[in-house]
Structure formats: C-alpha cells, structure tokens
Colleague: 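Take this structure first; my questions come after.
Just so it is clear, the values below take in all heavy atoms, side chains as well, and ignore hydrogens, waters and symmetry mates.
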Amino acid sequence: MEHSSGMDLAPQQYDGCWLARDGRFVYREVPKAACSSLAQLVYHTDHGRFFDGDIHDAAQGVVKWPFAPDLMGPARAGQAFVFSAVRNPFARILSTFQEKICTLQRDGQPYRGTLPQMLWERYGADLREGADPVPAFRRFLLFVRDAHVFRQRFWFDRHWTPQAQHLRAVTLNGVAFSHLFRIEDWDSGIVPVLEHIPQAHRPDMVPRFNSGPKPAAPLAEYFDDLSLHLMQELYRWDFELFGYDRFDPDARAPGALDLAVINQRLADPHAPHWAGLGS
C-alpha cells in the first residue's frame with residue numbers, strides 16, 4: 001500500500017480543508033503549524049465550544065473535505081474566509097521528528113509502524129532512550145530528503161511535505177487565501193480569524209492545543225552545514241514564500257506576508273523545478 005503526502009493536486013480536490021457548516025469559514029490544514037489549535041477553532045465556530053480531546057479524533061460534529069464536497073461552493077465563488085498558517089521550516093521539521101519519530105503515538109505504537117526501525121537500519125539513527133537526539137535528527141533529515149528526491153512514495157508523509165504544497169491543494173483549484181499568517185506572530189495573526197467568527201461562537205482566546213515535547217537542545221544546534229543544505233533543498237520555496245531565513249534557524253521572519261504574491265505564486269501550475277515538492 002502506498003502512502004502519499006495526502007495531497008492530490010487534481011481539479012476539485014481540497015484535501016486537508018476543515019469547514020464550518022455553512023462553508024463560509026475554511027481552514028486549510030498545514031501539519032505541525034498549529035493545526036490542532038486552528039482545527040479546534042473551526043469546531044468552535046459551529047458548536048460554541050472546543051472539542052473535548054484531540055480534534056483529529058473527532059468523528060462527529062466536524063466537516064472536512066471530501067465528506068462534504070458541496071460546501072466548497074462559497075470558497076470557489078470567493079464568498080468564504082479561507083485561511084491557514086505557516087511555521088519556521090526548521091522548527092516544523094524538528095517538531096515532526098520529536099513527535100512522530102521519538103515518541104510513541106496515542107495507540108502506543110511507533111509512527112508509521114516500522115519507520116523508526118527503518119531509520120536505525122538504513123540511516124543509523126540511534127533513537128534509543130538516552131541517546132543524543134541531534135545526530136539522529138540529522139539522519140532523519142537525510143531520509144526525508146531521499147524520500148522526496150528519489151520519489152519514494154511509500155515514505156511521503158504530510159508532516160514533512162513542504163508547506164507550499166499543502167497550500168497549493170487549495171490555490172490550484174482556483175481558491176485564494178483570505179488570510180495567511182506565521183504562527184510565530186500568533187497574537188496578531190489570529191485576530192482576523194476571530195473577527196470572522198460569529199460573536200455568539202467567538203472564543204475569548206484560543207488555547208494552544210497539542211503542544212509537543214520541548215527540544216533537548218537549542219534549535220540551531222540541530223542543524224550543521226549539511227543539514228542547512230538539506231533544508232534548502234527540501235524547503236526552499238517555504239523559505240522564499242514565507243520570508244524565513246534559510247541560514248539562521250533562530251531568526252524571526254521580518255515584515256508581513258504578501259498575500260497577493262503568495263496566492264499568485266501558489267496558483268501557478270508550474271512550480272519551480274527547485275521547489276522541493278513531492279509528486
């Protein structure tokens with residue numbers, strides 16, 4: 001069985017979209033970029049409360065494409081508030097490593113079953129308790145590069161797919177984002193989202209859900225010269241589109257996102273050959 005990134009860039013495919021019941025409030029999920037918190041906000045829009053538990057486990061009371069394809073009508077007509085958020089690529093991939101590779105999942109099993117064992121056997125990533133996580137992370141990053149460069153479809157995964165590709169699943173279908181923000185600018189970035197929620201169901205604040213384990217070392221220490229090169233190879237478009245510094249993991253991205261430019265570039269069906277997008 002093949003495992004793709006979860007994004008088929010085909011007409012009328014809106015994978016990863018969470019919708020309010022009337023289809024006029026749409027969140028395009030970007031894994032490891034506050035996706036649990038923002039999906040909870042969509043749930044609150046309909047119910048006036050947050051979901052009790054992990055929102056990704058919710059089987060009722062949530063509206064996700066493709067289970068409600070007709071609700072994308074307002075978005076296609078430009079009548080919906082369509083939003084998402086992005087994250088520093090360095091912090092995002094490290095968070096993925098910590099939560100998906102170093103930590104047993106809620107069912108008590110390793111993520112993707114044999115993935116941690118494969119990382120040890122093929123890449124020498126020592127994931128044993130007490131081992132230094134920095135070398136193991138760098139081996140994991142090499143695996144992610146191989147999965148994309150050599151089109152290893154089985155190991156494509158939404159958690160390490162470039163953020164630009166997640167967003168393109170919307171823009172390539174003619175839907176522009178109304179709002180996009182960096183999660184590092186959470187306090188200001190969430191304001192336009194809250195303003196589009198009916199007052200009766202607007203929360204006073206949005207708690208941060210599903211916060212993962214803290215890194216064992218400062219962010220920059222995980223990235224040596226080779227790791228910086230791999231990050232550039234994998235996430236160059238994320239760095240360029242969203243204004244992150246590709247050489248300094250700790251740098252805050254300056255200025256506001258240029259939404260018009262981002263919508264235009266993501267809607268172009270011909271992605272740059274260097275964009276690092278899986279296909």
Side-chain angles (χ1 to χ4, degrees), residues 5-87 158 163-183 185-210 256-257 259-260 262-264 266-267:
S5 61
M7 289 157 294
D8 298 319
L9 301 183
Q12 307 308 314
Q13 302 290 308
Y14 299 95
D15 296 340
C17 284
W18 298 67
L19 303 91
R21 288 172 176 169
D22 62 2
R24 297 181 183 276
F25 189 77
V26 181
Y27 164 55
R28 203 304 167 191
E29 180 181 83
V30 174
K32 304 309 298 174
C35 61
S36 294
S37 299
L38 295 173
Q40 282 274 13
L41 191 55
V42 178
Y43 186 90
H44 200 289
T45 300
D46 281 336
H47 302 281
R49 59 179 176 83
F50 294 114
F51 178 72
D52 185 13
D54 191 313
I55 186 63
H56 299 288
D57 292 338
Q60 297 179 341
V62 295
V63 182
K64 295 183 68 175
W65 198 93
F67 303 107
D70 294 341
L71 287 182
M72 287 304 294
R76 290 193 298 269
Q79 299 171 345
F81 181 77
V82 183
F83 73 99
S84 190
V86 294
R87 185 179 187 181
R158 58 203 302 271
Q163 296 170 93
Q165 183 164 334
H166 285 284
L167 301 181
R168 275 164 61 83
V170 171
T171 55
L172 285 181
N173 285 296
V175 175
F177 284 97
S178 312
H179 180 56
L180 188 66
F181 68 100
R182 306 183 188 98
I183 68 167
D185 302 322
W186 179 268
D187 289 345
S188 59
I190 200 68
V191 171
V193 180
L194 295 174
E195 290 176 344
H196 280 80
I197 298 176
Q199 185 65 46
H201 282 182
R202 184 182 303 169
D204 295 330
M205 61 174 294
V206 184
R208 297 299 293 270
F209 291 89
N210 194 30
L257 294 171
L259 190 60
I262 291 173
N263 275 322
Q264 181 181 28
L266 289 178

Colleague: Given side chains that start at C-beta, do those of F83 and V26 come closer than 4.5 Å, heavy atoms only?
Modeller: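 The answer is no, as the side chains (C-beta and beyond) never meet within the 4.5 Å cut-off.
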Colleague: Answer yes or no: is there a side-chain heavy-atom contact under 4.5 Å between V42 and V62?
Modeller: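 V42 does not reach V62 side chain to side chain.
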Colleague: Mind listing the closest non-hydrogen atom pair of A80 and S178 along with its distance?
Modeller: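 Closest approach of A80 to S178, heavy atoms only: O-OG, 3.4 Å.
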Colleague: Tell me whether the count of non-hydrogen atoms from other residues, nucleotides or ligands lying under 6.0 Å of CG in D52 goes above 12.
Modeller: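 Counting other residues, nucleotides and ligands, CG of D52 stays at 12 neighbours or fewer.
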Colleague: Do H179 side-chain atoms and V191 backbone N/O form a donor-acceptor pair below 3.5 Å?
Modeller: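 Pair absent, no side-chain N/O of H179 close to backbone of V191.
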Colleague: What is the ring orientation for F81 with F25, classed by angle as parallel under 30°, tilted 30 to 60°, or perpendicular over 60°?
Modeller: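 F81 and F25: parallel rings.
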Colleague: Please check this pair: side chain of N263 against backbone of A176, looking for a donor-acceptor N/O pair closer than 3.5 Å.
Modeller: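 It does not hold such a pair.
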Colleague: Has the side chain of T171 got a donor or acceptor atom that lies under 3.5 Å from a matching backbone atom of L266?
Modeller: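 Yes, because the side chain of T171 sits within donor-acceptor range (under 3.5 Å) of the backbone of L266.
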Colleague: I need the minimum non-hydrogen distance between G53 and Q40, along with the two atoms involved.
Modeller: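 Heavy atoms of G53 and Q40 come nearest at O-NE2, 3.3 Å.
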Colleague: Would you say M72 and L19 make side-chain contact, with heavy atoms under 4.5 Å?
Modeller: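 M72 vs L19: side chains touch.
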Colleague: Considering all heavy atoms of both residues, which atom of V170 and which atom of C17 are nearest to each other, and what is their separation?
Modeller: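 Result for this residue pair: CG2-SG, 3.8 Å.
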Colleague: For residues W186 and A34, report the shortest heavy-atom separation together with the two atoms involved.
Modeller: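 Closest heavy-atom pair between W186 and A34: CZ3-CB, 3.7 Å.
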Colleague: Looking at residues at least two apart in the chain, or sitting in another chain, which of them share a salt bridge (charged side-chain N to carboxylate O under 4.0 Å, His left out) with R24?
Modeller: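 With sequence neighbours excluded, R24 shows a salt bridge (charged side-chain N to carboxylate O under 4.0 Å, His left out) to no residue whatsoever.
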Colleague: Just verifying a value: how many Å separate Y27 OH and S37 OG, rounded to the nearest 0.5 Å?
Modeller: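 That separation rounds to 8.5 Å.
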Colleague: Let me see the working for Q165 and R158 under side-chain contact (heavy atoms from CB on, under 4.5 Å), right down to the final yes or no.
Modeller: CA-CA 10 Å; Q165 183 164 334; R158 58 203 302 271; over 6 Å; no
Colleague: In the structure I gave you, are the side-chain heavy atoms of V86 and L167 within less than 4.5 Å of one another anywhere?
Modeller: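 Yes - at least one pair of side-chain heavy atoms lies under 4.5 Å apart.
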Colleague: Please name all residues satisfying salt bridge (charged side-chain N to carboxylate O under 4.0 Å, His left out) with D22, sequence neighbours left out, ordered by chain then number.
Modeller: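 D22 satisfies salt bridge (charged side-chain N to carboxylate O under 4.0 Å, His left out) with no residue once adjacent residues are dropped.
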Colleague: Taking the side chain as C-beta and beyond, is there a heavy-atom pair between I183 and R208 under 4.5 Å?
Modeller: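 SC-SC contact between I183 and R208 confirmed.
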Colleague: What is the distance from atom NZ of K32 to atom NE2 of H166, rounded to the nearest 0.5 Å?
Modeller: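 Separation between the atoms: 12.0 Å.
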Colleague: Let's go through I190 and L38 carefully: what are the C-alpha distance in whole Å and the side-chain angles of both, what is the deciding distance for side-chain contact (heavy atoms from CB on, under 4.5 Å) to 0.1 Å, and is it a yes or a no?
Modeller: CA-CA 9 Å; I190 200 68; L38 295 173; 3.7 Å; yes
Colleague: Distance-only, no hydrogens or angles: does the R28 side chain make a donor-acceptor pair with backbone N or O of V82 under 3.5 Å?
Modeller: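 Not a single qualifying donor-acceptor pair exists.
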Colleague: Would F50 and F209 count as a ring pair (Phe, Tyr, Trp, His ring centres under 6.0 Å) here? Give the steps.
Modeller: CA-CA 10 Å; F50 294 114; F209 291 89; 5.3 Å; yes
Colleague: In the structure I gave you, are the side-chain heavy atoms of L194 and P203 within less than 4.5 Å of one another anywhere?
Modeller: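 In short, these two side chains touch, coming nearer than 4.5 Å.
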Colleague: Please list all pairs passing the salt bridge (Lys or Arg N to Asp or Glu O under 4.0 Å) test where one or both residues lie in residues 187-197, with sequence neighbours left out.
Modeller: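 Qualifying pairs: none.
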Colleague: Do F177 and I262 come within less than 4.5 Å of each other through their side chains, counting heavy atoms only?
Modeller: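 Of all side-chain heavy-atom pairs linking I262 with F177, none is under 4.5 Å.
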Colleague: Check whether any side-chain N or O of H44 sits under 3.5 Å from a backbone N or O of R202 as a donor-acceptor pair, and report yes or no.
Modeller: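 Pair absent, no side-chain N/O of H44 close to backbone of R202.
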Colleague: Short question: side chain of Q163, backbone of V30 - any donor-acceptor pair under 3.5 Å?
Modeller: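 Answer holds: no.
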Colleague: If you round to the nearest 0.5 Å, how far is CG of L180 from CG of L259?
Modeller: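 Answer for the CG-CG pair, L259 versus L180, is 6.5 Å.
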Colleague: Provide the closest heavy-atom pair for R87 versus A33 in the form atom of the first, atom of the second, distance.
Modeller: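 Answer, listing the atom of R87 first, then A33: CB-CB, 3.9 Å.
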Colleague: If you compare all heavy atoms of H201 against all heavy atoms of T45, which two are closest, and at what distance to 0.1 Å?
Modeller: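 Minimum heavy-atom contact is ND1-O, 2.8 Å.
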